Structure formats: C-alpha cells, structure tokens
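For reference, the structure discussed in these notes is given below.
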Protein chains: 2
Amino acid sequence: MRYKIQYAMALNKKNSFGKKEQDLAECAKALAHPARIAILKVLAQHNECICGEIVSVLPLAQSTVSQHLKELKNAGLIIGTVDGPRSCYCINWKAFEKFNREFSFLFNHLKTEQACC
Amino acid sequence: MRYKIQYAMALNKKNSFGKKEQDLAECAKALAHPARIAILKVLAQHNECICGEIVSVLPLAQSTVSQHLKELKNAGLIIGTVDGPRSCYCINWKAFEKFNREFSFLFNHLKTEQACC
DNA sequence: ATCTTATATCGCAAATATACGATTAATAAG
DNA sequence: CTTATTAATCGTATATTTGCGATATAAGAT
C-alpha cells in the first residue's frame with residue numbers, strides 16, 4: 001500500500017505525562033547504555049574522582065566518553081568538578097537513593113497477590 | 001570546517017561491554033519512557049490483567065501503546081497472555097526484583113566515604 | 001611565549017526510537 | 001457466513017542517540 005499523506009511531525013508526547021513519570025524515565029534513560037553503567041561502576045568502585053582513567057578503561061573514543069559523562073551529569077547521577085586541565089567525577093549517591101525510592105514507591109504496591117499471568 | 005572523509009558506520013559498541021552491564025542497560029532502556037512508566041504504574045495498581053484499558057488511559061494511539069507493551073515484554077518486565085481477541089498483561093515482579101538486586105549490587109559498594117565532590 | 005596534556009565541544013554520519021494511520025489477524029456475536 | 005471488536009504488525013515520517021575525528025579550551029611545563 002502506498003502512503004500519500006504527509007504525516008504530521010512525529011510529535012514528542014513525553015510532556016503529556018506526569019512529572020514523576022518523566023523524571024523516572026529521564027533517570028532510566030541515563031542508565032540505558034552499557035557504557036554509562038560501566039562508567040558508574042568504575043566511579044562506584046573507586047569512590048573518588050576519576051577522569052581520563054575512565055577513557056583508558058572503556059572501548060570508546062575520548063570524545064564519546066566525554067559525551068556519556070555529560071549525560072550522566074545532566075541526569076544528576078554524577079557530580080563533576082574541574083581541577084586544572086583535568087576533570088573529576090563522583091557518583092551522586094543522593095540522586096541514586098532518590099531514584100531507588102521513587103522506583104520502589106511506584107511498583108511496590110500490590111506485589112502480594114497476582115490475579116493472573 | 002568541511003568534512004570530506006566518509007565516516008565508517010557509527011558502529012554499535014554495545015557488545016563491547018559485559019553481559020551484566022548490557023542486561024542492566026537493556027532493562028533501564030525499557031523504563032526510559034514516561035509512557036512505559038505509566039503503563040507499569042497502571043499494571044501495578046490493578047495487579048491484574050489489563051489490555052485496552054491502558055490505551056484509554058494513555059494519551060497515545062493504540063498502535064503506539066501496543067509497541068510500548070511489546071518493548072516491556074521483550075525486556076521481560078511484563079508478561080502477556082492472549083485471551084480470545086484481547087490481550088492480558090501483568091507485571092513480572094521477579095524481573096523487577098532482579099533488576100533492583102543487580103542495580104543495588106553494582107552501586108552499593110563504597111557508599112560510606114566520599115573522597116571528593 | 002610556546003608546547004604539552006587533559007578534556008569539552010562541534011560537525012557530521014549512521015543507527016535507533018517514537019508516533020501514527022492503515023492493514024491484518026483472530027475471535028466473538030449476530 | 002458476515003460483521004464487529006480487540007490487538008498486533010506494517011509502512012512511513014520524524015526525532016533522538018551513538019560514535020568519532022577535528023577543533024577548541026584551559027592550565028601546567030619548558
């Protein structure tokens with residue numbers, strides 16, 4: 001079948017949802033790439049500021065790692081401070097706790113009885 | 001500046017990471033859209049099979065909702081059973097517990113002392 | 001002042017995700 | 001059998017993400 005109609009923009013409907021849903025989804029999106037999980041893992045294991053070490057551990061170009069770090073920072077999951085020509089990143093544990101709390105709150109309701117499936 | 005070089009395919013590097021990182025990221029990706037959070041919320045509140053009700057609650061077309069349900073199903077977060085002309089979905093609580101466990105395991109290491117930031 | 005080092009940003013290409021209408025499939029109802 | 005109902009899938013357009021090389025920036029070293 002041919003489609004002759006010109007479609008309207010694939011509208012971004014994300015704003016049609018509640019703030020809680022949006023925030024949770026935003027946070028999950030930051031976690032939705034193995035490179036970012038790996039970065040967080042490295043930061044968690046060191047629990048101190050790392051910078052170029054992350055690049056040397058990951059199988060990605062420096063610019064790509066920098067971009068992933070930026071996304072984690074924008075999501076609030078890590079904190080970055082500039083120290084001369086190098087940057088220093090740490091996990092924002094409070095943000096993680098908040099994520100866990102919100103996440104559990106949404107889904108821990110009726111875990112006891114399953115009506116079907 | 002002009003770029004004359006033809007770039008190599010933007011290679012998918014996701015397989016360069018460990019299975020645990022990939023699985024966690026995969027799960028997070030399924031949660032990375034407010035519509036899917038909203039769907040899970042509805043399922044959690046009812047704790048029983050819902051189908052077209054989800055469509056009527058969400059501000060999205062039926063085909064779009066069906067697509068989101070498929071993604072949640074592929075990620076293993078929900079279970080779907082066909083019941084005549086209608087489909088019935090439930091939350092897969094075990095998958096959620098696993099996600100929570102893996103997630104905590106990765107990041108609960110050295111939460112106590114923060115060296116900087 | 002120039003060079004080096006570490007990191008962020010820009011510009012692009014490719015891949016993936018989002019969204020919807022149209023269609024199909026499968027069963028139920030008449 | 002025909003029709004109605006429910007949901008999945010297909011085809012398309014658009015938006016966003018991923019990734020890298022090139023460049024810019026910023027501070028320390030020489």
Side-chain angles (χ1 to χ4, degrees), chain A residues 1-17 22 25-26 28-39 49-75 78 80-89, chain B residues 1-17 22 25-26 28-39 49-75 78 80-89:
Chain A
M1 234 318 174
R2 299 289 88 215
Y3 285 77
K4 284 152 190 164
I5 300 157
Q6 197 68 359
Y7 280 88
M9 182 173 65
L11 225 40
N12 191 337
K13 292 265 185 126
K14 282 176 185 169
N15 292 321
S16 320
F17 297 91
Q22 285 187 58
E26 197 62 32
K29 198 169 71 180
L31 297 168
H33 195 289
R36 294 195 285 273
I37 298 282
I39 289 172
C49 296
I50 314 276
C51 43
E53 298 176 44
I54 299 168
V55 174
S56 63
V57 168
L58 297 196
L60 296 169
Q62 177 266 320
S63 59
T64 307
V65 172
S66 191
Q67 205 172 298
H68 282 305
L69 284 166
K70 191 180 173 185
E71 282 172 64
L72 287 169
K73 200 175 166 184
N74 285 343
I78 63 174
T81 56
V82 180
D83 170 30
R86 67 201 69 199
S87 286
C88 163
Y89 289 102
Chain B
M1 234 315 175
R2 300 286 89 216
Y3 287 76
K4 285 153 190 164
I5 299 157
Q6 198 68 358
Y7 282 87
M9 182 173 64
L11 225 40
N12 192 336
K13 292 265 184 127
K14 283 177 185 168
N15 292 321
S16 320
F17 296 90
Q22 287 186 57
E26 196 63 31
K29 199 169 71 180
L31 297 168
H33 195 289
R36 292 194 287 271
I37 298 282
I39 289 171
C49 296
I50 314 278
C51 43
E53 296 176 48
I54 299 168
V55 175
S56 64
V57 169
L58 297 196
L60 296 170
Q62 176 266 320
S63 58
T64 308
V65 172
S66 192
Q67 207 172 294
H68 282 305
L69 284 166
K70 191 181 174 185
E71 282 171 63
L72 287 169
K73 199 174 166 185
N74 285 342
I78 63 173
T81 55
V82 180
D83 171 30
R86 66 202 69 201
S87 286
C88 163
Y89 288 102

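A note on names: the letters A, B, ... follow the listed sequences, proteins ahead of strands, and every chain is numbered from 1. Being a predicted model, the structure only gives us computed values, none of them experimental.
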Atom-pair distance (CD on A:Glu26; P on C:dA17), nearest Å: 16 Å
Once you round it to whole Å, what is the distance between C1' of C:dA17 and NZ of A:Lys13? 16 Å
Taken to the nearest whole Å, CG/B:Leu58 to C1'/C:dC20 is 15 Å
Does a nitrogen or oxygen in the side chain of A:His33 sit under 4.0 Å from OP1 or OP2 of D:dG19? yes
The side chain to side chain contact (heavy atoms under 4.5 Å, CB included) partners of A:Pro59 (sequence neighbours excluded) come to B:Ser16, B:Phe17
Find the distance A:Asn15:CG to C:dA19:P and express it as a whole number of Å. 11 Å
Do B:Ile37 and A:Gln22 have side-chain heavy atoms sitting under 4.5 Å apart? no
Can you check the B:Gln22 CD to D:dT18 P distance for me, whole Å? 14 Å
B:Asn74 CG to C:dA17 P, in whole Å, measures 11 Å
How close do B:Ile78 and B:Lys73 get, heavy atom to heavy atom, and via which atoms? CG1-N, 3.6 Å
Distance, rounded to the nearest Å, where B:Leu60 contributes CG and C:dA17 contributes P: 17 Å
Phosphate OP1/OP2 of D:dT17: any B:Lys29 side-chain N/O under 4.0 Å: no
Protein-nucleotides 3-9 of chain D N/O pairs closer than 3.5 Å?
residue : atom : partner : partner atom : Å
D:dA7   : OP1  : B:Gly52 : N            : 3.0
D:dA7   : OP2  : B:Gly52 : N            : 3.2
D:dA7   : O3'  : B:Ser87 : OG           : 3.2
D:dA8   : OP1  : B:Ser87 : OG           : 3.3
D:dA8   : OP1  : B:Tyr89 : OH           : 2.5
D:dA8   : OP2  : B:Ser66 : OG           : 2.8
D:dA8   : N7   : B:Gln62 : NE2          : 2.8
D:dA8   : N6   : B:Gln62 : OE1          : 3.1

How far does CG of B:Leu58 sit from CZ of B:Arg36, to the nearest 0.5 angstrom? 12.0 Å
A:Gln67: partners by side chain to side chain donor-acceptor pair (under 3.5 Å), with sequence neighbours left out: none
The test is side chain to side chain contact (heavy atoms under 4.5 Å, CB included); show your working for B:Asn74 and B:Glu26 and say whether it passes. CA-CA 10 Å; B:Asn74 285 342; B:Glu26 196 63 31; over 6 Å; no
Can you see if the side chain of A:His68 gets near the phosphate of D:dT17 - specifically, an N or O under 4.0 Å from OP1 or OP2? no
Rounded to whole Å, the CG-C1' distance (A:Leu11 to D:dT12) equals 16 Å
State, with a plain yes or no, whether a side-chain heavy atom of A:His68 is found less than 4.5 Å away from one of A:Leu60. yes
Output yes when at least one side-chain N/O atom of B:Asn12 is less than 4.0 Å from OP1 or OP2 of C:dA14, else no. no
